[in-house]
Amino acid sequence: MEKKLFDILKERGYVKDLTHEQEIIDLVNGEPMTFYLGIDPTADSLHIGHFFALTMFRWLQDFGHHGIILIGGATALIGDPTGKSDMRKMLSKEEVAHNKAEVKELVKRFVRTDGDNPAIIVDNADWICDKTYVDFMRDIGVHFNVNNMLSADCYKKRLENGGLTFLEMGYMLMQAFDFVHLNKEFGCRLQIGGSDQWGNILAGADLSRKIGFSEGKKIDPLFGWTCPLLIKADGEKMGKTASGTLWVSRDKTTPFDFFQAWINSFDEDVERSLSFFTRMEISDIKELCKKDIREAKKLLAFEVTKLVHGEEEALNAQKTAEELFGNKGVSKNMPSVELSKNLLDINIIDLLVESKLVSSKSEARRLIEQNGISLNQEKISSVDQIITDKDLTDNSLILQKGKKVFLKVIFK
């Protein structure tokens, strides 16, 4: 018997919170309906958390449901306080406009926006920014109880740390209004998102009900579905690496670094990641992880890199990793940085900082003292070592940090 979509998504771990379980099961397993996913362009790229939500979007789209991607051109100007201990840095309108253009193009790599059943991309600035403050507060703000808002998880951290601005309080109102607007304009019945958005999603469903009641209309209920946040075995968010956020833009995270981030996954996270980011059968995933976790990691790294950067880049990253971590310790496609030849006769600690292989001189010194730094496959034993042109081959040298981080330094 063929599995229903909801059962597939539940088996793969996509279900965290549902506003109305049976109604959502019937909706998702039934005739095509309209749903939406919101993304705030607070950066000019997407990180792996966005990408995870987009895989859920794609499942729904592939089963015939009509998807809307909402780019938060208005909400990004406010900033979601969810889970934040401090107020987000306010972005200028110019920064948000730039980010919107970048994010829209990246989204198109993961969801279908042409052909059969294309997703549509909308911008909430189109229906929020033209409203006057007084009109918005009269139409929308009147339906929100401040006591209820302050009890929501999305505001708790900000409250605990002694500060929640009126600006941030407005975020929930705006996202709730988005849901109501998309329901009115497109018949959208379901909002999906990460579990950190649960409070905002509930607010939208509740706002629709209250507006309907105030206008004396019977409005079909709106539904919310959240997927779990990607948390690694060590309790940190997946996508946070030693070198920073794991972005899907190659300008921010190279395909090789992206590949390596998945290779370096905790063993406990591999099965779940394969369930989210591939369409392998769950039984095959479990069998592979039980039989050979290293091969499972290699498969995960290749498949996710292929999904994000394309097969050619995935193959290049795979080959580079094999060359670096085999006997060669060098690859033509390895990460590299260019420095001025004027820097030669430089102390090893300064070189490590200049090349950005380490973040500080103290980190460089500590790693050298722990035998954690190699130059051209030879351990550095002294913090006073000077790097000269004698250390170069074809105007370059190879630095290695620990067992897994390689960097080619080219002097020009």
Side-chain angles (χ1 to χ4, degrees), residues 1-39 49-72 107 110-113 115-122 124 127 143 152 154 172 175-213 215 217-229 275-277 279 282:
M1 182 179 175
E2 190 174 347
K3 286 182 181 175
K4 299 282 190 178
L5 176 56
F6 185 86
D7 295 329
I8 292 171
L9 293 174
K10 186 171 184 178
E11 181 184 37
R12 302 188 86 89
Y14 280 95
V15 180
K16 177 65 169 63
D17 301 298
L18 302 168
T19 54
H20 308 70
E21 183 170 358
Q22 191 55 54
E23 289 89 336
I24 290 173
I25 291 172
D26 294 340
L27 194 69
V28 169
N29 290 340
E31 295 298 312
M33 56 83 190
T34 300
F35 68 98
Y36 97 92
L37 168 68
I39 299 174
H50 294 127
F51 177 50
F52 172 50
L54 287 167
T55 65
M56 182 177 175
F57 186 103
R58 187 61 186 262
W59 272 106
L60 290 163
Q61 187 183 28
D62 287 348
F63 271 72
H65 298 301
H66 308 311
I68 301 171
I69 296 287
L70 183 151
I71 306 293
V107 162
F110 305 116
V111 303
R112 290 195 313 275
T113 54
D116 292 335
N117 189 28
I120 61 173
I121 300 177
V122 298
N124 62 11
W127 59 83
H143 297 293
C154 52
M172 181 182 282
Q175 185 170 327
F177 180 52
D178 288 340
F179 203 175
V180 170
H181 175 84
L182 293 179
N183 174 251
K184 181 180 178 182
E185 294 297 317
F186 300 98
C188 179
R189 297 288 307 282
L190 175 69
Q191 181 181 356
I192 64 172
S195 60
D196 58 342
Q197 292 302 305
W198 182 239
N200 292 323
I201 291 173
L202 285 177
D206 201 40
L207 176 62
S208 175
R209 180 184 60 79
K210 288 179 176 177
I211 289 177
F213 182 80
E215 294 176 351
K217 297 177 182 176
K218 184 180 183 304
I219 295 180
D220 291 331
L222 304 187
F223 305 124
W225 175 347
T226 70
C227 50
L229 295 182
S275 299
F276 291 148
F277 298 117
R279 296 208 173 178
I282 296 297

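Heavy atoms only: backbone and side chains are in, while hydrogens, waters and symmetry mates are out. The structure displayed is predicted, hence computed values, not measured ones.
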Check: [X] side chain, [Y] main-chain N or O, donor-acceptor pair, under 3.5 Å:
| X | Y | value |
| --- | --- | --- |
| Ser208 | Ala205 | no |
| Lys210 | His143 | yes |
| Tyr14 | Phe6 | no |
| His66 | Pro32 | no |
| Asn117 | Gln61 | yes |
| Ser275 | Arg12 | no |
| Thr226 | Asp17 | yes |

Could you pull out all donor-acceptor pairs under 3.5 Å where a side-chain atom in residues 186-195 meets a protein atom, sequence neighbours excluded?
| unit_1 | atom_1 | unit_2 | atom_2 | d |
| --- | --- | --- | --- | --- |
| Arg189 | NE | Pro221 | O | 3.2 |
| Arg189 | NH2 | Pro221 | O | 3.0 |
| Gln191 | OE1 | Tyr36 | OH | 3.2 |
| Gln191 | NE2 | Tyr36 | OH | 3.1 |

Practice problem: Start with the C-alpha distance between Asp206 and Arg209, add both sets of side-chain angles, then the distance that settles salt bridge (Lys or Arg N to Asp or Glu O under 4.0 Å), and finish with yes or no. | Solution: CA-CA 5 Å; Asp206 201 40; Arg209 180 184 60 79; 2.6 Å; yes
Quiz item: Considering all heavy atoms of both residues, which atom of His20 and which atom of Leu222 are nearest to each other, and what is their separation?
Solution: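 Here His20 and Leu222 meet closest at CE1-O, 3.9 Å.
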Exercise. Measure across Val15 and Lys10 and return the closest heavy-atom pair with its distance rounded to 0.1 Å.
Key: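 That closest heavy-atom pairing would be CG2-CA, 3.8 Å.
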Quiz item: Step by step, would you call Trp59 with Leu5 a side chain to side chain contact (heavy atoms under 4.5 Å, CB included)?
Solution: CA-CA 8 Å; Trp59 272 106; Leu5 176 56; 4.2 Å; yes
Exercise. Verify whether the ring centers belonging to Phe277 and Phe51 lie closer than 6.0 Å.
Key: yes
Quiz item: Any chance the rings of Phe223 and Phe35 have centres within less than 6.0 Å?
Solution: no
Do [X] and [Y] come close enough that some side-chain heavy atom pair is under 4.5 Å?
| X | Y | answer |
| --- | --- | --- |
| Phe177 | Trp127 | yes |
| Lys4 | Val28 | no |
| Ile68 | Phe57 | no |
| Leu37 | Met56 | no |
| Gln22 | Asp26 | yes |
| Leu182 | Val122 | yes |

Quiz item: Just wondering, are more than 12 heavy atoms of other shown residues or ligands nearer than 6.0 Å to CD in Glu215?
Solution: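 Correct, the count exceeds 12.
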Quiz item: Under the side chain to side chain contact (heavy atoms under 4.5 Å, CB included) criterion, do Asn183 and Asp220 qualify, and how do the steps go?
Solution: CA-CA 10 Å; Asn183 174 251; Asp220 291 331; over 6 Å; no
